[in-house]
Number of protein chains: 2
Amino acid sequence: MRLLPALALAPMLAPMLALAVPAAAQEAEPPTPASIVAAAPASDWRPIEPADLLVMDLAPDRDGKPRRVVIQLMPAPFSQGWVENIRALAKAHWWDGTSVYRVVDNWVAQWGDGEDDEAKAKPLPAGVTSPATAYEVADAPFTSAAFGTHFVLNPLADSPAVVGDKVILRDIERTHYATFFEGFPVAGYENPHHGISWPIHCYASVGVARDTDTTGTGSELYAVIGHAPRQLDRNIAVVGRVIEGIEHLSTLPRGKGDAGVYDDPAQRVPIVSVRLGSEVPELPQPHFEYLASDSASFAEYVRVRANRNDAFYKVPAGGIDVCNVQVPIRRVPSE
Amino acid sequence: MRLLPALALAPMLAPMLALAVPAAAQEAEPPTPASIVAAAPASDWRPIEPADLLVMDLAPDRDGKPRRVVIQLMPAPFSQGWVENIRALAKAHWWDGTSVYRVVDNWVAQWGDGEDDEAKAKPLPAGVTSPATAYEVADAPFTSAAFGTHFVLNPLADSPAVVGDKVILRDIERTHYATFFEGFPVAGYENPHHGISWPIHCYASVGVARDTDTTGTGSELYAVIGHAPRQLDRNIAVVGRVIEGIEHLSTLPRGKGDAGVYDDPAQRVPIVSVRLGSEVPELPQPHFEYLASDSASFAEYVRVRANRNDAFYKVPAGGIDVCNVQVPIRRVPSE
């Protein structure tokens, strides 16, 4: 069959295959994103602590297969007001018995209580309220010099993408960037102009649904299941991303009610439990690693993803959308 | 329940609701993409001829519900070698009895014969071979002046997005653009530098799967079900887009075999028939319209989508990814 090239790797899907490419073969063929990831030294991988995971078990599917969705929570300093709420909600087992109630194609799958009537809504744990926290972090320690790499979102230019030893894809203006912080895509303005940064939405990002006049508590969450909705950035708190099991959300039937809500309550997908990774009952706890976004392996990975020159590709893109970088994440095998 | 704002409109999903917004209400509230589309005069809509549609009927789902996917074929001058093949394949009923055999999350759903062994592959109609046609169109009549609007992909700047009466979101450099041609997203370089244009991949785009050393015939097709894979542009022929029923592809189970192919042949989703819209047996034939991308309504629609200031949005994006524009498409009611 005629295949499109596979994804360089599918960090969201499953544990990665450790591609055992002999050194001679690596030299003979141009590097691919997969070969770079496979060759990355252990020191270029960073652990994701179980306490920073949210493990959501949906009811089994029609065939009785389990459906587990694993979410990595956003690291400080971003969105911590909501992340703290989410930790409290998970510890209180608040989501148990709630549901995925809204699914819109090329947009989001959303879960939580989903109750319009505040009188009927499930009470929140004490202290869980809409944070006043801004969506941006001011005076963040994120400058282009600190990052080292700049990505402009979706450049199409085929001009050289590497300047010196840096992956500078296309710097529209020095005061504006999109890059990665601890493996998460972020955007911002450099000091001394504004000095603010914010986490951005990509496929599988998890955000806080909210009413018009609140920032939301974090009890109602959504995962992006389509093209990056850039218009939501700085308007909604991004609190994490799905790192395993996104297909249990992206393949759900699309809702036909208002705004994609399931109009028949029987369509809602029951949530059996949501726990912090450090509180799941079974052992070993889930452990993952991400390819450090300040590592040499990551820089090379991005450079090659932006300039594919393995046999399938005839015209390298010469640039890459920050949401197309797809930070490599792998499950650490249990011992 | 706390909702994210609904999509401004969901052209891929279903016939649009004609939002009957009273004039007074329109004046009181800032315009939204939906209100602009609802107010667009009939003269700003262009027909999509049934002969330019590909109607794919999958086998009914487990609940017996029909699954129809409607694809609009790429207009000339783009990708016409493959589009001609696709018309010939549909007229020969070539896809009937083939299947959707590969589904990869945040990537593609792919269909056709899916046979690795050329000796076993379904014979193609006479004359259907891989075109030598380039993926770009040279000396295209597409200049910034002709288009009037320039979009840079995914700008994040919050600088003014409107210059004079034009929607100029952020012109990285004058020789490079992404915009729309007859409602399809395209990119290119202006004359006198290169003078080439090419259709680009967005969510729901349909492209021609191919081997490494061919351009593909069009018999194996895929639809994008994730973030725009910019690296495929100019490397694969984009031949159309799904305008209705994308959820019948995007919700399919993800394949667990190599490259996301269904490893169990029983998982393949049977294709009952693929016909040109002008050759479907039932009447009336499907009719659709798109909001003309050179109309005043479209320019205003993009401007407002890039600068949401209805109540939900606190910080307008100040720009928009070309793939987030989502050209409005509606089904024309049968008489």
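Proteins come first, then strands; the chains are lettered A, B, ... in the order of their sequence lines, and each starts at number 1.
Here OH of B:Y203 is found 13.0 Å from CH2 of A:W107. Values are rounded to the nearest 0.5 Å.
Using a 4.5 Å heavy-atom threshold, the side chains of B:Q326 and A:N106 count as touching. The shortest distance between side-chain heavy atoms of A:F312 and B:D211 does not fall below 4.5 Å.
Smallest separation of non-hydrogen atoms from A:K314 and B:T212: NZ-O, 2.9 Å. Between B:I246 and A:D105, the shortest heavy-atom contact is CG2-OD2, 3.2 Å.
With B:N324 contributing its side chain and A:A228 its backbone, the two residues share a donor-acceptor pair below 3.5 Å.
Most heavy-atom pairs under 4.5 Å with chain B: of the set A:S250, A:P229, A:G226, this distinction falls to A:S250.
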